[in-house]
Amino acid sequence: MSYSNQPHLQTIQTALQRDVDRRLVSERWRIVQGSFAMMLAFTVAVWPQVNSNLFIVWMSGYAIWIGITFLAHSGRILGKWRDRYETPILVNMISASRGIWICGIALTNWPAFIQGGEFFWTLTTLWAIALAAQTIMVTVGNDYFIQAILATAIVMMAATRQWQISIGTIFFLIPAIKALDSARQVRMNEVKLRTTLTYQARYDGLTGLLNRVGIEEQFSELPPGPLAAMFVDLDRFKEVNDRLGHTMGDELLEQVGQRVQDVIQHRSHLLARLGGDEFFLVLPGCPLRDLLAISDTILNTLEQPFTLTSGQAYISASIGTATTSGDIANLEQLIRDADQAMYRAKEAGRRRVIYYDQSLRQDAQERLGLESSLRQAVAENKIVAWGQPIINYQTGTIAKVELLARWKLDQKNIPPDLFISIAANIGLTSDIARFMVNQAQKSLEKWKKIPALKETCITVNVEAQDLVEGLVVDYLENLVFTEQIDPAKLILEITERGLIEAESKARFQIDRLHTLGVRVAIDDFGAGYSSLRSVMTLPVDLLKFDRSLVAGATQDQRMQNVLSAMVEMASSFKITVIGEGIEKPEDIEVMKQLKVHLLQGFYCANPMPLKEVSNFAKEFLPHD
């Protein structure tokens with residue numbers, strides 16, 4: 001939802017307009033020079049034969065029409081009309097009527113012109129014909145009066161029988177005519193350019209759909225009434241870009257836009273690509289029942305395979321929907337509501353449609369309050385580190401301790417999943433990760449004096465995006481090089497889904513960590529969509545089975561067989577496996593059968609404040 005391209009576009013338009021104006025001023029000056037030369041020639045040629053009283057009367061009448069026309073066209077300044085294409089038709093009619101008036105003079109004097117009567121009236125007839133042609137053609141003929149002026153001017157010069165002046169005038173007039181033609185071409189090119197830039201400012205160059213500016217303009221023109229909106233965000237689109245390249249990603253986005261168009265083409269709608277893989281749809285007068293039906297259709301349509309130049313691609317989408325019932329609708333609010341519902345769809349597991357109802361509105365308000373409080377808590381170091389031991393049941397020792405962030409607001413514990421997701425949305429996860437690394441550093445220093453914890457490692461959770469950006473790795477480099485932390489005692493945990501989505505960029509940072517001596521673990525393996533094979537492509541050191549896999553293995557022999565195969569494969573890659581979510585004695589028995597010795601869960605040890613870990617270690621006896 002970014003406006004970042006608009007200032008750049010306005011700069012281009014301003015520069016182009018400045019260049020056009022500069023060239024037009026130059027051409028117009030040459031036109032003025034030629035016109036002045038022609039007027040001077042006429043004056044020298046005919047003034048001795050002119051009845052000055054008649055001339056003053058005739059010129060006064062013409063000046064009056066010039067004034068009327070000027071007043072009519074003053075709207076170009078006041079109304080900011082750039083050219084006649086934007087001028088109201090009434091004003092154009094006034095301009096044309098000036099030409100008609102001049103034609104009337106010509107018709108009135110036509111008999112005198114035919115009979116070779118008074119020279120002044122003959123001359124004014126020719127002059128009136130030229131001016132009428134110019135006025136009418138300028139108004140309705142798109143500037144194609146240039147050749148007519150040239151021909152008329154030659155005839156008029158000849159009529160004066162002042163041949164030297166006639167020839168001299170033509171020499172002055174021809175450059176002016178060329179300059180006029182050049183100015184017309186410049187103006188026409190500017191109109192075409194402005195049309196192109198206007199389109200580019202309002203439409204997405206890739207899909208041809210509206211962009212943010214375009215949908216804002218068209219939304220403001222919608223008639224009053226209820227509106228329905230849909231925010232569509234593609235799942236796993238980064239994977240397509242990383243694996244197939246951005247060209248294929250662009251091709252996929254084009255096809256996505258076309259598929260959505262095909263679904264809604266029979267309804268009145270506004271469809272925009274807001275940026276990246278985000279699409280926004282407005283459906284005027286669409287009831288909620290139809291909105292949800294359309295959303296389901298789009299969801300199913302986008303799950304069908306896409307045929308790209310390099311082969312087939314599969315994606316899914318998360319869709320947030322919202323409605324307004326009042327006559328007054330705010331586009332920004334509608335986007336925010338649908339966007340909030342879309343994020344809830346992603347949090348619920350993706351590939352689904354969520355409607356923005358009262359409960360979501362209340363949640364959104366609560367989250368806004370939590371965002372402000374969380375910023376303050378992070379700034380004031382009010383986030384607390386707890387530790388949950390990871391037990392080695394083969395040796396009966398505490399092998400590792402996972403640091404867990406905890407936050408209490410107004411004496412109320414905020415669920416970690418909630419405030420970590422909020423921190424991710426507002427960019428605070430890297431700050432929390434650095435705080436947890438600091439706590440790990442202090443704990444490792446204290447545990448050197450405790451025999452039961454002397455060889456224990458600490459694991460710290462890091463968001464995949466923070467790993468990719470390298471901020472946490474930079475911080476660790478400083479600690480390792482200044483010998484403030486032992487890298488062999490530190491493990492960074494990244495969730496499986498986040499790590500696989502950023503695989504190509506994460507690999508470089510993982511190599512940096514290995515250079516430092518820090519190990520990397522994949523957390524919650526089995527909760528995402530990736531295969532063990534895709535995980536094995538990354539140079540990770542540990543693999544933590546999600547608790548859903550552990551629970552499944554205790555209830556289903558087939559799942560147990562699957563886990564056994566995973567353990568063997570991980571062992572062949574020299575990857576250490578940890579079982580999470582150990583909550584019952586049966587879980588321990590199954591893990592032992594699978595030869596998974598590192599276990600973590602409430603049955604092994606509950607999370608506890610870091611200061612209590614040392615006491616727990618001294619009294620620790622593993623469960624049988």
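The first residue of the sequence shown is numbered 1, and numbering continues consecutively from there. Please read these numbers as outputs of a predicted model, since none were measured by experiment.
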Please report the closest heavy-atom contact between [X] and [Y], naming both atoms and the distance.
{"X": "Leu253", "Y": "Gly276", "answer": "CD1-O, 3.6 Å"}
{"X": "Leu476", "Y": "Leu492", "answer": "CD1-CD1, 3.8 Å"}
{"X": "Leu209", "Y": "Ala272", "answer": "CB-CA, 4.4 Å"}
{"X": "Leu594", "Y": "Gln560", "answer": "CD2-O, 3.6 Å"}
{"X": "Val462", "Y": "Leu467", "answer": "CG1-N, 4.1 Å"}
{"X": "Pro539", "Y": "Ile510", "answer": "O-CG2, 3.4 Å"}

Is there side-chain contact between [X] and [Y], with at least one heavy-atom pair below 4.5 Å?
{"X": "Arg267", "Y": "Ile294", "result": "yes"}
{"X": "Val232", "Y": "Val260", "result": "no"}
{"X": "Val540", "Y": "Ile494", "result": "no"}
{"X": "Leu610", "Y": "Leu403", "result": "yes"}
{"X": "Gln333", "Y": "Thr324", "result": "no"}
{"X": "Met569", "Y": "Ile575", "result": "no"}
{"X": "Asn461", "Y": "Met436", "result": "no"}
{"X": "Glu463", "Y": "Ile420", "result": "yes"}

Could you grab the distance from atom [atom1] of [X] to atom [atom2] of [Y], nearest 0.5 Å is fine?
{"X": "Phe279", "Y": "Leu210", "atom1": "CZ", "atom2": "CG", "result": "12.5 Å"}
{"X": "Phe306", "Y": "Gln312", "atom1": "CZ", "atom2": "CD", "result": "11.0 Å"}
{"X": "Ile335", "Y": "Arg212", "atom1": "CD1", "atom2": "CZ", "result": "4.0 Å"}
{"X": "Asn330", "Y": "Glu332", "atom1": "CG", "atom2": "CD", "result": "6.5 Å"}
{"X": "Leu599", "Y": "Ile588", "atom1": "CG", "atom2": "CD1", "result": "6.5 Å"}
{"X": "Thr297", "Y": "Leu302", "atom1": "OG1", "atom2": "CG", "result": "10.5 Å"}

Flag if over 12 foreign heavy atoms under 6.0 Å of [atom1], [X]:
{"X": "Arg351", "atom1": "CZ", "answer": "no"}
{"X": "Arg547", "atom1": "CZ", "answer": "no"}
{"X": "Tyr343", "atom1": "OH", "answer": "no"}

Would you check if the side chain of [X] reaches a backbone N or O of [Y] as a donor-acceptor pair within less than 3.5 Å?
{"X": "Arg259", "Y": "Thr301", "result": "yes"}
{"X": "Gln388", "Y": "Leu404", "result": "no"}
{"X": "Glu251", "Y": "Thr309", "result": "yes"}
{"X": "Asp337", "Y": "Leu334", "result": "no"}
{"X": "Asp523", "Y": "Glu493", "result": "no"}
{"X": "Asn211", "Y": "Asp204", "result": "no"}
{"X": "Ser372", "Y": "Gly369", "result": "no"}

Side-chain donor-acceptor pair present, Asp233, Ser318, cut-off under 3.5 Å: no
Asn561 side chain to Gln557 side chain, donor-acceptor N/O pair below 3.5 angstrom: yes
Stepwise side chain to side chain contact (heavy atoms under 4.5 Å, CB included) check, Val256 with Ile315: CA-CA 10 Å; Val256 167; Ile315 61 168; 4.1 Å; yes
side-chain hydrogen bond (donor to acceptor under 3.5 Å, both in side chains) between Gln258 and Glu254, intermediate numbers included: CA-CA 6 Å; Gln258 186 58 54; Glu254 288 184 76; over 6 Å; no
Ring geometry between Phe545 and Phe525 (parallel below 30°, tilted from 30 to 60°, perpendicular above 60°): tilted
Pair [X] + [Y], salt bridge at N-O below 4.0 Å:
{"X": "Glu402", "Y": "Lys544", "answer": "yes"}
{"X": "Asp410", "Y": "Lys412", "answer": "no"}
{"X": "Asp587", "Y": "Lys584", "answer": "yes"}
{"X": "Arg434", "Y": "Asp431", "answer": "yes"}

Test salt bridge (charged side-chain N to carboxylate O under 4.0 Å, His left out) applied to Arg512 and Asp474, step by step: CA-CA 9 Å; Arg512 288 180 64 194; Asp474 293 341; 2.7 Å; yes
Candidates Val596, Thr554, Val567 - the one meeting side-chain contact (heavy atoms from CB on, under 4.5 Å) with Met591: Val596
Worked check of side chain to side chain contact (heavy atoms under 4.5 Å, CB included) between Arg375 and Leu428: CA-CA 8 Å; Arg375 289 182 189 276; Leu428 291 178; 4.0 Å; yes
Step-by-step side chain to side chain contact (heavy atoms under 4.5 Å, CB included) determination, Lys408 to Val384: CA-CA 9 Å; Lys408 184 178 289 187; Val384 178; over 6 Å; no
Verdict with supporting geometry, Leu471 and Asp466, side chain to side chain contact (heavy atoms under 4.5 Å, CB included): CA-CA 6 Å; Leu471 297 177; Asp466 295 331; 5.7 Å; no
